[in-house]
Peer 1: 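This is the structure I have questions about; it appears just below.
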2 protein chains.
Amino acid sequence: MTIPIYQKIMELIRDEIRNQAPNTPILSERELEKKYNASRMTVRKAIDLLVEEGVLYRVQNIGTFVADSKLHKKTDSHALNSFDLECDYKIIYFDVKDENREVAQKLEISTHDQFVRIVRLNLQNGQPESLDQIYIVRLMIDDSVMNNILNILEFSAKIETGSVNQVFVPMIVPVKFANLLNVKINTPIICVQSKINTKNGRIYAYIESYLNPEAKSIEITI
Amino acid sequence: MTIPIYQKIMELIRDEIRNQAPNTPILSERELEKKYNASRMTVRKAIDLLVEEGVLYRVQNIGTFVADSKLHKKTDSHALNSFDLECDYKIIYFDVKDENREVAQKLEISTHDQFVRIVRLNLQNGQPESLDQIYIVRLMIDDSVMNNILNILEFSAKIETGSVNQVFVPMIVPVKFANLLNVKINTPIICVQSKINTKNGRIYAYIESYLNPEAKSIEITI
DNA sequence: AAGTGGTCTAGACCACAGC
DNA sequence: CTGTGGTCTAGACCACTTA
């Protein structure tokens, strides 16, 4: 349980700039090197990561500066956190199926391979925020967790994802979901189609998230 | 004209793995160090960047592997490339205005400050792909380019952005844009609202992009 | 001339996998 | 035990800006 020095320095810098105005310089790399008694490469690594986060920005030959907090880079795209267990949700439906050409194609499996389907309503302060249709490749789920749907979700949350691919599709809310989402018929909504890939390039899950535009907006800062 | 060594190594690695199957290992860092006659830190920097791009992935204590090309991380979110001059487009409208509360609020300027408004239709193979309403803070545009709208766009393309904030809004296509976008009345579409920030946290431009769902889908791989 | 960030080197030690 | 990626050091030179 040894935290790398560069991570400690990241936290120290965060502390230092917490009350510092945007666009004011932080100490130079050579000053921080002495202050934290670390090598310059280690200090740079800490700064590099904070720059990537959008917390700091560099100007060549001049210095490193505190960024405006509204520039912090975050991706609050809905389905990325689909397996987030912190949220309130209600399971609407759950089964194991096969022989569905469309789903098999999305999951890149044969039509004869099984998949798990979970329909889940996500709540925020009791209000329906989105409805997920989750399809998971049966073969990629450990047998030991198949007995319980909560175990499957917990298992899924731990999957090391290689990347997530999302397509945003505009549509009129499907009639069968309008009531559940507490949205009027004919409301335009966004459906996020996500493919969760493992590191070796196989698809673990395919998710369709129907978002209630009143409760959930997709926002990205890059 | 001196390209850093780590960038050269990135290209060399790209070449090496071009015909290599996904999930097969590349040479170890110490082997690459000798092969390219560079220090390990330099080799690591090259690999680090390729991992960030999603071209490679590491497994601790084991090795570094070629990623599936579908895992390459890209953000093809429309308005990010709004000032991309490579695309075909047609200027629909252009003026300089002020006294618009709503726009002033988005641009975080006083209602008395001027802004430039450009309405632009983006084409792909002659088909309308999206319609942008671009609002730029007048004060942030160099006087020397104000004489020509193309100069303004070129100037904008060169702005060093700190970050881009995007909100995705589902809606029915505005009637006034339906014809231009070659989309039927009542079609559900996505409008991307983008704020282009400079490094010092000021807003340079605000863009509303109305996307033709037939011609343009928003896709992100993270 | 002094100071900055950007790049680079040639070592080093660590924890962990697999044999 | 060997090899891997992860971390770290104490220097160095460069191009550039500002004074």
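Any value given below was found using the heavy atoms of this structure, including those in side chains, with hydrogens, waters and symmetry copies removed.
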Peer 1: Expressed in angstrom and rounded to an integer, what is the separation of B/K45 atom NZ from D/dG6 atom P?
Peer 2: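 In whole Å, D/dG6 P and B/K45 NZ are 16 Å from each other.
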Peer 1: With no hydrogens and no angle check, do the side chains of B/N197 and B/N165 hold a donor and an acceptor under 3.5 Å apart?
Peer 2: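 No, no side-chain donor-acceptor pair sits under 3.5 Å.
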Peer 1: For a side chain to side chain contact (heavy atoms under 4.5 Å, CB included) with A/I5, tell me which candidate from A/T2, A/I9, A/I3 qualifies.
Peer 2: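 By the side chain to side chain contact (heavy atoms under 4.5 Å, CB included) criterion, A/I5 pairs with just one of A/T2, A/I9, A/I3: A/I9.
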Peer 1: Give the nucleotide from the list C/dC8, D/dG6, D/dT9 with an atom nearest to the side chain of B/I5.
Peer 2: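 In terms of side-chain proximity for B/I5, the closest of C/dC8, D/dG6, D/dT9 is C/dC8.
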Peer 1: I need the CG-P distance between B/D48 and D/dC8, as an integer number of Å.
Peer 2: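 The distance from CG of B/D48 to P of D/dC8 comes to 14 Å, rounded to the nearest Å.
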Peer 1: Rounded to whole angstroms, how far apart are OH on A/Y36 and P on D/dT7?
Peer 2: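 Spelled out: OH on A/Y36 to P on D/dT7 is 19 Å.
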Peer 1: Whole angstrom is fine here: how far is it from CD in B/Q7 over to P in C/dC8?
Peer 2: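 The distance from CD of B/Q7 to P of C/dC8 comes to 8 Å, rounded to the nearest Å.
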Peer 1: Return the 5'-most residue of the pair B/M41, B/E31 with respect to DNA chain D, ranking by each residue's nearest nucleotide.
Peer 2: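 Here B/E31 is the residue nearer the 5' end.
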Peer 1: Which whole-number value in Å describes the distance from B/M10 CE to C/dT7 P?
Peer 2: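 Roughly 12 Å, once rounded to whole Å.
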Peer 1: Taking the nucleotide of DNA chain C with the nearest heavy atom to each, does B/Q60 or A/E29 sit closer to the 5' end?
Peer 2: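 So the residue in question is A/E29.
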Peer 1: What pair of heavy atoms forms the shortest contact from A/D68 to A/H72, and how long is it?
Peer 2: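 The answer is O-CD2, 3.7 Å.
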Peer 1: Just N and O in the side chain of B/T2: are any of them under 4.0 Å from OP1 or OP2 of D/dA15?
Peer 2: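 Answer is no, no contact under 4.0 Å.
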Peer 1: Contact class for A/I47 (heavy atom, under 4.0 Å): base, sugar-phosphate, or nothing?
Peer 2: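 The answer is nothing, as A/I47 stays clear of every strand by at least 4.0 Å.
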Peer 1: Counting only side-chain heavy atoms from C-beta out, which of C/dA17, D/dC13, D/dT7 sits nearest to B/I62?
Peer 2: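 For the B/I62 side chain, the nearest candidate turns out to be C/dA17.
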Peer 1: For C/dC13, what is the paired nucleotide under Watson-Crick or G-U wobble rules, both distances under 3.5 Å?
Peer 2: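 Paired with D/dG6.
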Peer 1: Ignoring the backbone of A/T42, work out which of C/dC13, D/dT9, C/dG18 is nearest its side chain.
Peer 2: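 Comparing C/dC13, D/dT9, C/dG18 against the side chain of A/T42, the answer is D/dT9.
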Peer 1: Between B/G63 and B/R44, who's closer to the 5' end of DNA chain D by nearest nucleotide?
Peer 2: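 On the 5' side of the pair lies B/G63.
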Peer 1: Measure from the side-chain heavy atoms of A/Y6 and tell me the nearest of D/dT7, C/dG6, C/dT4.
Peer 2: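 Among D/dT7, C/dG6, C/dT4, the one nearest the side chain of A/Y6 is D/dT7.
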Peer 1: Choose from D/dT4, D/dC8, C/dC8 the nucleotide whose nearest atom is closest to any side-chain atom of B/S39.
Peer 2: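 Shortest atom-to-atom distance from the side chain points to C/dC8.
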Peer 1: In terms of ring plane angle, is the pair B/Y135 and B/F115 parallel, tilted or perpendicular, where the classes change at 30° and 60°?
Peer 2: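 Perpendicular, since the angle between the ring planes exceeds 60°.
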Peer 1: What is the distance, to the nearest angstrom, from the CG atom on A/L27 to the C1' atom on C/dG3?
Peer 2: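 The distance from CG of A/L27 to C1' of C/dG3 comes to 14 Å, rounded to the nearest Å.
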Peer 1: Heavy-atom nearest nucleotide on DNA chain C for B/R40 versus B/V43: which residue maps closer to 5'?
Peer 2: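 First, find each residue's nearest nucleotide; the 5'-ward one identifies B/V43.
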Peer 1: Atom CG of A/L49 to atom P of D/dG6: distance rounded to whole Å?
Peer 2: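 Going from CG in A/L49 over to P in D/dG6 covers 13 Å.
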Peer 1: Expressed as a whole number of angstroms, how long is the span from B/E33:CD to D/dG3:P?
Peer 2: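 So the CD-P distance, B/E33 to D/dG3, works out to 14 Å.
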Peer 1: Check whether A/Y6 forms a cation-pi arrangement with A/K45 (NZ or CZ under 6.0 Å from the six-membered ring centre, at most 45° off the ring normal).
Peer 2: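 Geometry flag: set, cation within 6.0 Å and 45°.
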